[in-house]
Each structure stands twice: as structure tokens, then as C-alpha cells.
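Here the structure comes first, spelled out in C-alpha cells, and everything after it is commentary.
Predicted, not measured: the structure shown is a model, and the values here were computed from it. Residue numbers begin at 1 in each chain, while the letters A, B, ... track the order of the sequences. All values below come from the heavy atoms of this structure, side chains included, with hydrogens, waters and symmetry mates left out.
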Number of protein chains: 2
Amino acid sequence: MAAPKTRDRVLESSLELFNVRGVSSVTTAEIARTVGINEGNLYYYFQKKEQLVTALFDAFEAEIRVTAAGDLADPTNPAEYIGYLRGWFATAWRYRFVQRDSAALFEMAPALRERAAAMIADAEAASRRVLGQVIEAGLLTVEPDMLEPLLANVWIVSSHWIDHLALRRHGRELGPADLDWGFRQVLALFLPYLSEELRGWMSSPAAPFASISEARV
Amino acid sequence: MAAPKTRDRVLESSLELFNVRGVSSVTTAEIARTVGINEGNLYYYFQKKEQLVTALFDAFEAEIRVTAAGDLADPTNPAEYIGYLRGWFATAWRYRFVQRDSAALFEMAPALRERAAAMIADAEAASRRVLGQVIEAGLLTVEPDMLEPLLANVWIVSSHWIDHLALRRHGRELGPADLDWGFRQVLALFLPYLSEELRGWMSSPAAPFASISEARV
DNA sequence: GTCTATATATAGATAGAC
DNA sequence: GTCTATCTATATATAGAC
């Protein structure tokens, strides 16, 4: 296969740097150095740092919208809903720079504010719909009053478990095992609402608890 | 009473600015302008921006440790535990700049990383102890396996509901009514574990759901 | 304790040769 | 498409008068 184009390597390196150290702490000089190109060359592809950030947001949004559009072929199969959740979770991880320090992000690229708000509204609608299917299928028992708070907490924990764990880890880099921790935190939000049947399944070897670290993250 | 000293006004204004726009986006020039003093004067009190940030962290840590040291006089009284939770919640709100963008914070003041890790460890131990009292008293029924995930999610939601809501609000400033929303999100984490007795009490007029906005925040 | 004026460093961005 | 050299703006920080 062809060697990755410079533009793509810039995006890849920037994503990693932004995720780890935050959008505002990473300089264009550092990005160029990491990619192994000159700073002038970087500006050939992205005339403003804002454009770089926006291009990464584009990718994030596209991935979120694919996930949102997804549907459960068989809502009675718990593995499918867990897979669906894992999709959200993996995307939130891959583009965690968006959530972390969103204030600085929007200050750098103000146009993203509206786009992010629209995106999250659509994403919430999608997850509301899918959760509805799962409840309909009898896997979960959630009183109507609890639906919205539950959805919001799922989003919050999926997006922000990283900061919490990084703090406890004294800033050590997070690895695959930590991803498992995060995903379990999300699943923990659902545990009290499991039907009896599902409760048994969750503790069976078939439950794909630990396999998040094997997914593309 | 005496007019507030300049140093205190600097701290107050900085806290507000950092909370709203993030540590790395706020400049010393902007702080001085907000306080109504000259930039040179600002540097008379804090020779480095890092010292300013550290002083605010000191206040945060002190407040957290006071809250952590607190105990429930009567663990069978649900209002007391809710008050305890509200204490955590209010502090997390007042110093939300610490959680939001913690990467940039630690890059600016590396010494805070270790302190924050130690502080959160103590805080977790404290909330673990108090939650234990409440469970002992029969107000909540939490399986031992769920205790740690629950505590972690309480911390995550308490610290990060703001970013989530700000996104949905299209960046509008958050107000007291939004604080209620956040606190309800935290309480929602506990709702599935309520004893029957407590469940009734929660829906009674005595339940101090809405009064978080009257607290000092 | 507060101000004015100045210094230093560096991040973001451009021009033009190759 | 990539590099070298350079420019501009500005954030942090200091010196010294008042």
C-alpha cells in the first residue's frame, strides 16, 4: 500500500498530541516536529491552526454520525446493544480532545460551537431511540422519568472518565486496561436496570466485557 | 467591613475567568483588566501565573478537605446525606477550572499533579466511608461490587456535567437552574439503589432537590 | 502598593527559493 | 510539496519611578 500522505500524517499526529496534552498546549512547531516535517510545510496544508482542529472535528463528527445512524438488527440480543455502546465509547476515546477542554477548543474555532451542539442533539436522539428499542425488547427496565438522566450520564461518563482516571493514575499514560475500566464505568450505569434474564447473561463468559481493548481505539 | 484587598480581588476574578474560559485561554492582561488594576501590579502579588493558579488550587484543596472531614451526625436522616453530597457538588462547581482542562493546568503547574492525586485519594476514602454509613443505616442497598463504580461515577458526573450541559446550551452561560440540573444528574446515580422508605421520602415536598441553587456556589 | 515603560520569549503565520 | 528565513503579534515577566 502507498505510504500515508503528509496531510494524513499531520492529522494523525495532531490528534494524538491534542488528545494527550490538550489543544491549547500543543504548538504547531511541536506538531511539525512530531510528523518529521518543517513548520512551513505544515502551513502548506493548514494555513491556520483552527483549520487543523476543524479537520479533526470533521472526522469526529462523521464517525459520530455513522454510529448514530446505526441500528440494532435484533434488539433482544444484549451483545448487540453492548456493541452499540462500545461504538460510542470508542469514538469518544479516539477524539477525546474534543470533550476535554472544549472551552479552549471553541475559543480557537468558534464555528465549532454550533456544529457541536447540533451534533450532540442528533446523537442524543439516536441513542434515545436505540435505548427505547432495548427497553421495548425487555432487556432493561427503566422508568420513563429516568430515561433522560440515564442517557445524559452515559454521555458524561463516556466522555470524561479519562480525566478522572488520569488524575488517579498521577498522570501516567493510559493504556488498554484503562479503557476496560472506563467501559465498565459506563456499563455500571445500566446494571441497576437490567432484567433478571440479562443479569444472568452479563456474568456469563459470553459477556464481552473485556474486549473493548481489542476494538479499534 | 473593610474593602476586599487587591490580592483577594485578583484571586476572585481569576477564579471566575478560569472557570468560564479555561486556565490557558485567560491572559494575565485580561485578569488585570478585570480586576481594574495594572498588569505590573498583578505581578507584585503573583510573580508567575503558576503561583496564581497554585493559590487557587490551595483554596480548592482546603475546601475539599473540610468537606471530606465532615461526618453524618445521623446517618439515618436522608437529608443529611443529600446535604453532604451537595457540599461536594458545590465545591466542584466553585473550582470547576481544576477539572476542566486538567491537562493544561498540570502543564502550567506541574507540582499540582501529585497534590491533586493525593487529594482525590483522600476524598474518595472519605466519600467511601460516608456512603458506607448510609448503606449501614439502610437508606441505600448497594451490592459491594457496585460500590466503587458508583463512587467513581458520582465524582465524574459531579465534576463534568458542566461541559456536557454547556455544549447542549450552545455555550450560553450557565445559571442557578442549570446547577439544579447537574445535582439531579448526581442524584440520579443513586436513585436505583434507594430503599423503599427513602424512595417515598424523595418524592415528598421535604426532599431538598431544588435548593442547591440557594447554596453558596 | 500601584503605575509606566520595557524586555524576553515564543506561538502563529508568511514569502520565496528549491 | 518541502524547505529556509523572516515577520508579527502577544503573553509572560521585569525595572524602576511615583
Side-chain angles (χ1 to χ4, degrees), chain A residues 1-57 97 100-101 103-112, chain B residues 1-57 97 100-101 103-112:
Chain A
M1 82 181 90
K5 299 262 188 270
T6 300
R7 198 190 126 98
D8 289 331
R9 289 197 299 132
V10 169
L11 287 171
E12 201 180 328
S13 291
S14 303
L15 178 57
E16 182 63 17
L17 287 168
F18 289 161
N19 277 340
V20 172
R21 309 232 328 282
V23 177
S24 48
S25 302
V26 176
T27 67
T28 50
E30 190 177 3
I31 293 169
R33 198 175 344 114
T34 305
V35 179
I37 61 172
N38 188 279
E39 219 177 328
N41 194 5
L42 176 65
Y43 277 88
Y44 170 76
Y45 292 102
F46 302 96
Q47 288 80 356
K48 305 191 138 265
K49 197 179 173 189
E50 176 180 353
Q51 290 174 20
L52 180 50
V53 167
T54 301
L56 287 172
F57 185 90
F97 83 94
R100 151 179 241 164
D101 197 5
L105 180 77
F106 294 144
E107 208 138 319
M108 172 170 299
L112 294 187
Chain B
M1 84 180 85
K5 299 261 187 271
T6 300
R7 196 190 128 98
D8 289 331
R9 290 196 298 132
V10 168
L11 287 171
E12 201 180 329
S13 290
S14 303
L15 178 57
E16 182 62 17
L17 286 169
F18 289 160
N19 277 340
V20 172
R21 310 232 327 283
V23 177
S24 48
S25 303
V26 177
T27 66
T28 50
E30 189 176 5
I31 293 169
R33 198 176 343 115
T34 305
V35 179
I37 61 172
N38 188 279
E39 220 177 326
N41 193 5
L42 176 66
Y43 277 89
Y44 171 77
Y45 292 103
F46 302 97
Q47 289 80 356
K48 304 192 138 266
K49 198 179 172 187
E50 177 180 353
Q51 291 173 19
L52 179 50
V53 167
T54 301
L56 287 172
F57 185 89
F97 84 95
R100 149 179 243 162
D101 198 6
L105 181 76
F106 294 143
E107 206 137 321
M108 172 169 300
L112 293 187

Nearest-nucleotide pick for [X], side chain only, options being [options]:
| X | options | result |
| --- | --- | --- |
| Glu39(A) | dA13(D), dC3(C), dG12(C) | dG12(C) |
| Tyr45(A) | dA11(D), dT2(D), dA13(D) | dT2(D) |
| Thr28(B) | dC3(D), dT12(D), dG12(C) | dT12(D) |

Specify the residue among Gly40(B) and Thr6(A) whose closest nucleotide of DNA chain D lies further upstream toward the 5′ end. Thr6(A)
Take atom [atom1] of [X] and atom [atom2] of [N], then tell me their distance rounded to the nearest Å.
| X | N | atom1 | atom2 | value |
| --- | --- | --- | --- | --- |
| Tyr43(A) | dA11(C) | OH | P | 10 Å |
| Leu42(B) | dG1(C) | CG | P | 14 Å |
| Asn38(A) | dA15(C) | CG | P | 16 Å |
| Tyr44(A) | dT14(C) | OH | P | 15 Å |
| Phe46(A) | dT2(D) | CZ | C1' | 16 Å |
| Asn41(A) | dA15(C) | CG | P | 17 Å |
| Lys48(A) | dA11(C) | NZ | P | 17 Å |
| Arg33(A) | dC3(D) | CZ | P | 15 Å |

Select base, sugar-phosphate, or nothing to describe what Gln47(B) touches, counting heavy atoms under 4.0 Å on all strands. sugar-phosphate
Keeping Arg100(B) on the side-chain end and Gly22(B) on the backbone end, is there a donor-acceptor pair under 3.5 Å? no
Non-hydrogen side-chain atoms of Leu52(A) and Leu11(A) separated by less than 4.5 Å: yes
Which residue in the set Val26(A), Asn19(A), Val20(A) passes side chain to side chain contact (heavy atoms under 4.5 Å, CB included) when paired with Phe97(A)? Asn19(A)
Is the number of heavy atoms from other residues, nucleotides or ligands within 6.0 Å of CD (Glu12(B)) greater than 12? no
